[in-house]
Amino acid sequence: MLHSLKGEFQRAGSALRDPEEDDVRILIAEDDAILADGLTYSLRDAGYSVDRVRTGIEADAALSTGEFDLLILDLGLPKMGGLEVLKRLRSRGSAVPVLFLTAADGVNDRVRGLDMGADDYLAKPFALAELAARVRALARRGHSAAAGATLRHGDLSYDQVGKVAAIGGQILELSARELALLEIFLQRPGRMVSKERIVDVLCQWGDELSTNAVEVYIHRLRRKLESGDVEITTVRGLGYCLQKVRAA
């Protein structure tokens, strides 16, 4: 059964990916092993980066510490229900798009999920073509919103279209990698960003990057932000966080 399902997902895989979307990371929270395997196989085959968890507790932990561009969330998760996972996600201020999966007769759950901040839903069983369309639409929505926004934290701002960073209106002289690093932090102000995530993003520039090199870029960026009211703090053993400077 699993083999045939994977075959169906593989045939549909080419329809899943929007060529305009790059570096889209998806978290699948689904306890049905066959369905989760099929979704994971198909999305990875289409070129997406995919992580998978089986319980609500695992989903909440992953969303608290990791960075994702789309969440596919089963409402019937064990140990912590999907609605609670969604509630906690939105209470942390996260705007990551959420596509939730529910039983065909779960009308009340659908209403509650949408009211709590989910972006779309699919009732099981669903057609792969429909899943493909929903994934593309939500990934594109998040990409377009990010691409057209000016990110701000304190008196620090970053125009993602013009690739210009400024503190209090004064333009900062930053290298391409420093700008990319700053963008990572401004997309997640006040939240921890792991060294591994930074390496993944900065390595898109075409060569390998060590965690020691990340520390060098962090040091350079810190110095250039000293005139503002934000700072990059170290979360020992885990990563870094962009925070407002605490008053003395």
Query raised in the report: More than 12 non-hydrogen atoms from neighbouring residues, nucleotides or ligands closer than 6.0 Å to CZ on F68, yes or no?
Result: yes

Between [X] (side chain only) and [Y] (backbone N and O only), is there a donor and an acceptor less than 3.5 Å apart?
| X | Y | value |
| --- | --- | --- |
| S157 | H153 | no |
| D31 | L77 | no |
| T40 | A36 | yes |
| R44 | V50 | yes |
| E178 | S175 | yes |
| K224 | E173 | yes |
| D229 | D155 | yes |
| R188 | I184 | yes |
| E84 | M80 | no |

Linked, directly or transitively: [X] and [Y] (ILVMFWY side chains, under 4.5 Å):
| X | Y | value |
| --- | --- | --- |
| L27 | L70 | no |
| Y158 | I218 | yes |
| I232 | V235 | no |
| V53 | L35 | no |

Report task. Show the numbers, then the answer: is there a side-chain contact (heavy atoms from CB on, under 4.5 Å) between T102 and K124? Result -> CA-CA 6 Å; T102 183; K124 300 178 184 177; over 6 Å; no

How far does [atom1] of [X] sit from [atom2] of [Y], to the nearest 0.5 angstrom?
| X | Y | atom1 | atom2 | value |
| --- | --- | --- | --- | --- |
| R191 | Q243 | CZ | CD | 13.0 Å |
| I171 | I167 | CD1 | CD1 | 12.0 Å |
| L151 | L182 | CG | CG | 8.5 Å |
| L174 | L179 | CG | CG | 5.0 Å |
| L172 | S227 | CG | OG | 6.5 Å |
| Y41 | R52 | OH | CZ | 14.5 Å |

Provide the closest heavy-atom pair for [X] versus [Y] in the form atom of the first, atom of the second, distance.
| X | Y | answer |
| --- | --- | --- |
| A118 | L114 | O-CD2, 3.8 Å |
| G113 | L86 | O-CD2, 3.4 Å |
| L242 | F185 | CB-CB, 3.8 Å |
| G190 | C241 | C-SG, 3.4 Å |
| L101 | E30 | CD1-OE1, 3.7 Å |
| V85 | A59 | CG1-CB, 4.1 Å |

Report task. Give a yes-or-no answer on whether the side chains of R222 and T233 include a donor-acceptor pair shorter than 3.5 Å. Result -> no

Requested in this report: Using the side-chain contact (heavy atoms from CB on, under 4.5 Å) rule, take E231 and L225 through it: C-alpha gap first, then chi angles, then the decisive distance, then the call.
Outcome: CA-CA 7 Å; E231 62 182 353; L225 297 179; over 6 Å; no

Report task. Go through the steps for R88 and D60 under the test salt bridge (charged side-chain N to carboxylate O under 4.0 Å, His left out), then give the verdict. Result -> CA-CA 8 Å; R88 294 189 181 202; D60 186 56; 3.4 Å; yes

Is the shortest heavy-atom distance from the side chain of [X] to the side chain of [Y] under 4.5 Å?
| X | Y | result |
| --- | --- | --- |
| L71 | L99 | no |
| I26 | D51 | no |
| V111 | Y121 | no |
| E130 | L122 | yes |
| L73 | I28 | no |
| L138 | D120 | yes |
| Y48 | R25 | no |
| R152 | L186 | no |

Requested in this report: Test R90 against V96 for side-chain contact (heavy atoms from CB on, under 4.5 Å), laying out the working first.
Outcome: CA-CA 9 Å; R90 294 302 187 229; V96 61; 4.1 Å; yes

Requested in this report: Any chance you could lay out the salt bridge (charged side-chain N to carboxylate O under 4.0 Å, His left out) test for K195 and E215, step after step, and finish with the verdict?
Outcome: CA-CA 9 Å; K195 284 186 177 181; E215 293 175 2; 2.7 Å; yes

Query raised in the report: Hey, mind stepping through R110 and F100 against side-chain contact (heavy atoms from CB on, under 4.5 Å) and telling me if it holds?
Result: CA-CA 8 Å; R110 294 180 217 170; F100 68 85; 4.3 Å; yes

**Report entry** side chain to side chain contact (heavy atoms under 4.5 Å, CB included), paired with Y240, selected from L181, L221, I198
**Finding:** I198

